[in-house]
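Quick notes on the structure that follows.
The basis for the numbers below is simple: all heavy atoms, side chains too, and nothing from hydrogens, waters or symmetry mates.
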Amino acid sequence: MSGAVQDRRRINGPGRSVEPIYTTTPLDASLAKGRSDGRGLDHMRPIYAKAGPIASTAQTTGSASGSAFYEQGSIRISCAVYGPRSGRKTNARRAHFECDFQYAPFACSSRTHTQTDEHEISLFLSNTVGPAIRLDSYPKSSIDAYVTVIESDGKMATLAAAINCISLALADAGIEMYDTVAACSMGLRGSQWVVDCTQMEEAECSMLVAYMPSVDEVTGVLQNGKTSLEMHEQAVQACTNVCVRVYAVICRALQASLE
Amino acid sequence: MTSLILSPSEQDFITRGVEKGFRADGRGSLDRREVTLRTNMISQANGSARCRIGHLGLGTDVLVGIKAEVNTWSPGEPESSGSIVCNVECSPSAAQEFEGRGAEDLNVELTQTLDRMFNGPQSGIDMSKLCIIPKQAYWVLHVDALVLDVKGGIVDALVWATRAALLSTKLPRVVVESVADEDGNLQSEFDVVDDAEDQVAIEGVENLPLSVTFNQIGKRFVIDASEQEEAVTQASLTVAVSPQLEICAVQKGGFLRGFPPSLLSEIMQAARRVARDEFPKFKELYVAAASYQAGDEPSTGSTFLGAF
């Protein structure tokens with residue numbers, strides 16, 4: 001986008017550069033013949049999750065307390081958690097939890113696309129994963145989660161994957177939590193909710209639900225686009241069911257990291 | 001939000017009161033404070049509105065100005081659609097901690113909330129009508145909100161004010177001509193008519209949503225929380241509902257806890273009920289604002305500050 005805010009953290013390209021416009025027609029994005037990767041409408045993409053790849057046995061200071069790498073189809077996200085440690089913003093009663101979300105410059109289909117909403121997503125992630133952490137156990141300290149999206153495929157799906165990744169990293173860091181947060185996203189195609197939409201499948205209306213199964217609490221709801229109340233409730237219900245399945249995968253990854 | 005320090009007994013009082021259905025100012029859990037609306041007070045803007053929730057001196061005060069500008073299309077943008085850009089700024093006059101970069105996080109959060117509700121087809125506005133010439137020029141509506149005072153319920157005040165401002169916005173009429181250039185190709189040119197009387201409203205503004213923010217205090221929820229109630233809130237949910245009672249946007253705020261799915265469902269039902277009652281109330285206020293005359297109140301200053 002010309003005139004976009006300059007991102008000072010990166011070396012920007014020329015002021016006006018755009019993604020090339022392809023002349024060949026894109027793959028048929030309608031779901032008439034089923035999804036392009038053969039999944040069912042209520043199936044998530046296969047998940048690979050690993051806790052602790054950035055472990056450092058030599059150094060004890062300056063290294064991440066916990067880390068995780070999460071893959072879901074072509075979404076690849078890595079997260080490092082630092083904390084509890086002394087921080088700038090301290091609260092006498094509870095820890096200060098903050099997420100820092102960042103796209104790698106090559107993560108999205110358009111390079112300039114990455115800069116726009118990182119700050120807003122960071123705030124959303126803090127609000128969604130925050131309820132899971134026992135903040136009262138760490139007064140006057142700071143817990144920071146740094147999320148880097150290496151590859152993104154579907155905006156809502158990437159957000160959901162980021163939430164899962166942060167949960168995994170926090171657990172790996174040994175931070176006391178009520179439960180790990182599992183999230184999943186859905187897109188509305190016609191009158192049907194489709195689980196885990198890729199960028200091709202993404203529609204005008206999408207929904208994200210983050211859920212803690214053991215405590216039975218929804219920690220984050222996000223809806224983009226317009227839909228009726230009944231459809232919304234249907235989606236929340238379906239999302240919570242899928243979240244339980246994602247939760248199982250995250251737990252298994254945590255168990256594997258202990259072996 | 002502004003950090004109001006409450007003693008543990010005050011917090012307990014509010015929490016238990018809400019659980020029993022009592023609020024400090026006597027409202028019911030689904031009652032909103034009194035809303036005052038004024039429109040079209042900023043002559044430089046294409047549309048403007050000021051909304052105060054709560055009474056004089058003790059309310060959340062928001063001023064929204066809409067400026068329409070013509071933007072040139074660049075490749076990669078949608079070909080025949082206009083755009084709406086929202087921006088919220090909290091003025092230091094609202095709270096001391098908003099001075100300098102103190103309000104940055106809050107500004108980002110509120111901007112994102114407004115953007116989620118208004119930027120796009122879910123707002124009800126016909127974005128294709130904001131296009132002047134496809135692949136060439138389109139209207140950009142800059143929605144700039146200035147928060148003048150915060151006493152709880154900021155999101156709702158923002159949405160009410162934005163809705164009123166967009167309803168009152170008048171775009172200059174545009175005349176599009178096709179002229180043949182040297183090669184015989186048809187080029188489109190447009191001219192913006194510079195006549196204050198010859199202006200059009202934006203198409204689809206009647207479909208704009210209103211928002212209801214639910215704050216969870218203890219095991220119950222309330223709408224339109226006052227400052228004290230917000231200090232005790234553990235989680236909040238903002239729901240935007242269109243006049244056709246569809247859900248346009250849902251956003252959860254607050255990092256202390258989540259909602260059980262059953263409570264979430266209850267909140268969504270309540271959102272629709274409350275919104276259904278609020279649309280006629282909004283219309284009444286908007287019509288009254290439109291017919292508000294400067295001389296009606298005793299002059300204690302300019303019209304702008306008069307009723308507020």
*asked:* At a 4.5 Å cut-off on heavy atoms, which part of A/Thr227 comes close to chain B: side chain, backbone, both, or neither?
replied: both
*B/Glu104 versus A/His119: any side-chain heavy-atom pair under 4.5 Å?*
yes
*Report yes if the side chains of A/Leu222 and B/Val250 come closer than 4.5 Å at any heavy-atom pair, otherwise no.*
no
*Given a strict heavy-atom distance threshold of 4.5 Å, which part of A/Leu123 is in contact with chain B: side chain, backbone, both, or neither?*
side chain
_Candidate pair A/Glu217 and B/Arg257, rule side chain to side chain contact (heavy atoms under 4.5 Å, CB included), full reasoning_ = CA-CA 8 Å; A/Glu217 261 187 26; B/Arg257 64 180 298 181; 3.5 Å; yes
*asked:* Would you compute the distance between atom CG of A/Asp216 and atom CG of B/Leu263 and round it to the nearest 0.5 angstrom?
replied: 11.0 Å
*Let me know if A/Gln237 has heavy atoms under 4.5 Å from chain B in its side chain, its backbone, both or neither.*
neither
*Within a strict 4.5 Å, meaning less than it, do heavy atoms of the B/Gln269 and A/Leu229 side chains meet?*
yes
*asked:* In the structure I gave you, are the side-chain heavy atoms of B/Met268 and A/Glu233 within less than 4.5 Å of one another anywhere?
replied: yes
*Is it the backbone or the side chain of B/Arg272 that comes under 4.5 Å from a heavy atom of chain A, or both, or neither?*
side chain
_Tell me if the CZ atom of A/Arg85 is crowded by more than 12 foreign heavy atoms within 6.0 Å._
yes
_Among B/Gly120, B/Ser262, B/Gly254, residue most engaged with chain A (heavy-atom pairs, under 4.5 Å)_ = B/Gly254
*What part of B/Ser265 lies closer than 4.5 angstrom to a heavy atom of chain A: side chain, backbone, both or neither?*
both
_Do A/Thr128 and B/Phe255 make a side-chain contact, defined as non-hydrogen atoms from C-beta onward lying under 4.5 Å apart?_
no
*asked:* For the CD atom on B/Glu206, are there more than 12 heavy atoms of other groups (residues, nucleotides or ligands in this structure) within a distance under 6.0 Å?
replied: yes
_Minimum-distance pair of heavy atoms, taken over all atoms of B/Gly124 and A/Lys226_ = CA-NZ, 4.2 Å
*Answer with side chain, backbone, both or neither: which region of B/Ile247 has an atom nearer than 4.5 Å to a non-hydrogen atom of chain A?*
both
*Is any side-chain N of the basic residue among A/Glu120 and B/Arg116 closer than 4.0 Å to the acidic one's carboxylate O?*
no
*Relative to chain B, which segment of A/Val236 carries a heavy atom at a distance below 4.5 Å: side chain, backbone, both, or neither?*
side chain
*Which atom pair, heavy atoms only, marks the closest approach of B/Lys252 to A/Pro131?*
NZ-CG, 3.7 Å
*Should A/Arg94 and B/Leu256 be marked as a side chain to side chain contact (heavy atoms under 4.5 Å, CB included) after you check the CA-CA gap, both sets of side-chain angles, and the distance that decides it?*
CA-CA 10 Å; A/Arg94 61 177 80 98; B/Leu256 287 177; 3.7 Å; yes
*Would you indicate whether B/Gln244, at its atom CD, is surrounded by more than 12 heavy atoms from other residues, nucleotides or ligands within a distance under 6.0 Å?*
yes
*So what's closer than 4.5 Å to chain A heavy atoms on B/Gln234: side chain, backbone, both or neither?*
neither
*Would you give the length of the straight line joining atom OG of B/Ser236 to atom CG of A/Asn127, rounded to the nearest 0.5 angstrom?*
8.0 Å
*asked:* For B/Lys281, is the NZ atom crowded, meaning more than 12 foreign heavy atoms sit under 6.0 Å from it?
replied: yes
*Answer yes or no: are there more than 12 heavy-atom neighbours, outside A/Glu230 itself, under 6.0 Å from its atom CD?*
yes
*Toward chain B, the part of A/Tyr178 with a non-hydrogen atom under 4.5 Å*: neither
*If you draw a 6.0 Å radius around CZ in B/Phe279, do more than 12 non-hydrogen atoms from other residues or ligands fall strictly inside?*
yes
*Write down the atom of B/Pro261, the atom of A/Thr240, and the distance for their closest heavy-atom approach.*
CG-CG2, 4.4 Å
_B/Asp115 versus chain A, the contacting section by heavy-atom distance below 4.5 Å_ = neither
